[in-house]
**Student:** 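Let me give you the structure first, and then I'll get to my questions.
Lettering of chains follows the sequences in order, A, B, ..., and the numbering in each one begins at 1. From a predicted model like this one, the values you see are computed outputs, not experimental measurements.
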There are 2 protein chains.
Amino acid sequence: MIDFKKILKEHGIPLSLQRIKILEYLHNFKTHPTADMIYQALIEEMPMLSKTTVYNTLKTFTEKGILTALSIFENEVRYEYNTVPHIHFKCVKCNKIYDISKTYDCLKNEELEGHKVLEHHINLKGICKSCRDSEE
Amino acid sequence: MIDFKKILKEHGIPLSLQRIKILEYLHNFKTHPTADMIYQALIEEMPMLSKTTVYNTLKTFTEKGILTALSIFENEVRYEYNTVPHIHFKCVKCNKIYDISKTYDCLKNEELEGHKVLEHHINLKGICKSCRDSEE
DNA sequence: TATCAATTTATAGCGATTACAAACTTGGAA
DNA sequence: TTCCAAGTTTGTAATCGCTATAAATTGATA
Ligand SMILES: [Mn+2]
Ligand SMILES: [Mn+2]
Ligand SMILES: [Zn+2]
Ligand SMILES: [Zn+2]
């Protein structure tokens, strides 16, 4: 049983029921959900939950380093609980996002043309295995 | 002097004054502008220009392969005139986007875990040379 | 130059996100 | 345990980037 209260405290985030539930959801469902997807899932058991709270909480968590915000799709931000580094593959047919565990040693650069690199975001696009198989 | 009319014709795009001006702007200013930035720049000399035209034109150009649409930032699409392949670095301090000419041979994979890879999008984030220098 | 399809414009509308202020929780002091 | 101030949540309105629509305009062709 993971102690989500402890995780929040360790990141200097004051506790609230909403924050615990949102963190729990992102830890349990690694589906790169949008703010709205999280809201729709949690409104079941928390009928008074406000969408503003979801947005505020995701912003706080991202700033404090618990989550990563992804801009894989145009026009919407998706979130994921920080785990081991990985890259993303988006299928242009079914729109699913796959985690790819492959790591690229060639991207380990800390410095490029004088710029200090803090984050690498690698987004691949193409046709996923499942869609290729069902093509014929 | 570049013949923008010829470029449009070669891509099967019927001519219009607006299309020529937008293409000219994107060719001359390689700053990865948003639709609104292009609109604000062109409204000076074309007071009747509609923002809808800018959006429509950028969509047409992207579909015809003259431009590339980038989702580097959250919540807004940026455009660039197609040139040689390169990757992008976003400074988290000044928000500028830099072109990085480095190519990664390690990303040349055509297939990953059964998925067919068609595009690679590599976005780096960090602190740019200019901001580092001015830090002290 | 006349025709007419394609393009542009102005306007309204939409989905994702943010701003704001009142009501409510939370954590700590008394 | 009770009380309080600070921080959080909520509901609403507003904003931002973008799209839909239909009337007005343009431009390719004859
Ligand atoms: Mn992931
Ligand atoms: Mn570029
Ligand atoms: Zn697929
Ligand atoms: Zn900078």
**Student:** Take atom NZ in Lys21(B); do more than 12 heavy atoms of anything else shown fall under 6.0 Å from it?
**Tutor:**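 Counting other residues, nucleotides and ligands, NZ of Lys21(B) stays at 12 neighbours or fewer.
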
**Student:** Would you say that more than 12 heavy atoms from the other residues, nucleotides or ligands in this model lie under 6.0 Å from the NZ of Lys30(B), or not?
**Tutor:**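 Count over threshold, so yes.
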
**Student:** So for atom NZ, which belongs to Lys116(A), do other residues, nucleotides or ligands contribute more than 12 heavy atoms lying within a distance under 6.0 Å?
**Tutor:**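 No, NZ of Lys116(A) has 12 or fewer neighbouring heavy atoms, counting only those of other groups under 6.0 Å.
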
**Student:** Salt bridge or not for Lys51(B) and Asp36(B), using N-O below 4.0 Å?
**Tutor:**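 Salt bridge between Lys51(B) and Asp36(B), a charged N being under 4.0 Å from a carboxylate O: yes.
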
**Student:** Go through DNA chain C in 5' to 3' direction and return only the first and the last nucleotide with some atom under 4.0 Å of chain B's heavy atoms.
**Tutor:**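 So the outermost contacting nucleotides come out as dT7(C) to dT17(C).
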
**Student:** Can you list, by residue number, the residues of residues 1-33 of chain A that have a non-hydrogen atom closer than 4.0 angstrom to DNA chain D?
**Tutor:**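 Nucleic-acid contacts, sorted: Pro14(A), Ser16(A), Gln18(A), Arg19(A).
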
**Student:** How about His86(A) and Glu80(A): does a side-chain donor come under 3.5 Å of a side-chain acceptor?
**Tutor:**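 Judged by distance alone, the side chains do pair up.
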
**Student:** If you walk 5' to 3' along DNA chain D, what is the first nucleotide with an atom under 4.0 Å of a heavy atom in chain B, and what is the last?
**Tutor:**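 Result: dG17(D) to dA28(D).
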
**Student:** Ion pair present between Glu111(B) and Arg132(A), side-chain N to carboxylate O less than 4.0 angstrom?
**Tutor:**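 Result for this pair is yes, salt bridge flagged.
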
**Student:** Sequence neighbours excluded, which residues qualify as side chain to side chain contact (heavy atoms under 4.5 Å, CB included) partners of Asn56(A)?
**Tutor:**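 Asn56(A): side chain to side chain contact (heavy atoms under 4.5 Å, CB included) contacts with Thr52(A).
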
**Student:** When you measure from every atom of DNA chain C, which of residues 36-56 of chain A have a heavy atom less than 4.0 Å away?
**Tutor:**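 Within residues 36-56 of chain A, the residues near DNA chain C are Thr52(A), Tyr55(A).
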
**Student:** Enter the distance from Leu49(B):CG to Thr57(B):OG1 here, rounded to the nearest 0.5 Å.
**Tutor:**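 It comes to 8.0 Å.
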
**Student:** Heavy atom of residues 57-71 of chain A under 4.0 Å from DNA chain D: which residues?
**Tutor:**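 The answer is none.
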
**Student:** Looking at the rings of His88(B) and His121(B), which for Trp means the six-membered one, are their centres under 6.0 Å apart?
**Tutor:**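 For His88(B) and His121(B), the ring centres are not under 6.0 Å apart.
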
**Student:** Looking just at side-chain N and O atoms, do Asn123(B) and His120(A) make a donor-acceptor pair shorter than 3.5 Å?
**Tutor:**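 Judged by distance alone, the side chains do not pair up.
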
**Student:** Aromatic contact between His32(A) and Tyr79(A), with the criterion being ring centroids under 6.0 Å apart: yes or no?
**Tutor:**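 Centroid separation for His32(A) and Tyr79(A): 6.0 Å or greater.
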
**Student:** Is Lys64(B) atom NZ crowded by more than 12 heavy atoms from other residues, nucleotides or ligands, each under 6.0 Å away?
**Tutor:**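 No.
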
**Student:** More than 12 heavy atoms of other residues, nucleotides or ligands under 6.0 Å from CD of Glu44(B): is that the case?
**Tutor:**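 Result for CD/Glu44(B): open.
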
**Student:** Run the ring-centre check on Tyr98(A) versus His115(B) and record whether the distance is less than 6.0 Å.
**Tutor:**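 Judged by ring-centre distance (under 6.0 Å), Tyr98(A) and His115(B) do meet the cut-off.
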
**Student:** Heavy-atom distance under 4.5 Å between the side chains of Thr62(B) and Thr68(B), does that happen here?
**Tutor:**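 The answer is no, as the side chains (C-beta and beyond) never meet within the 4.5 Å cut-off.
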
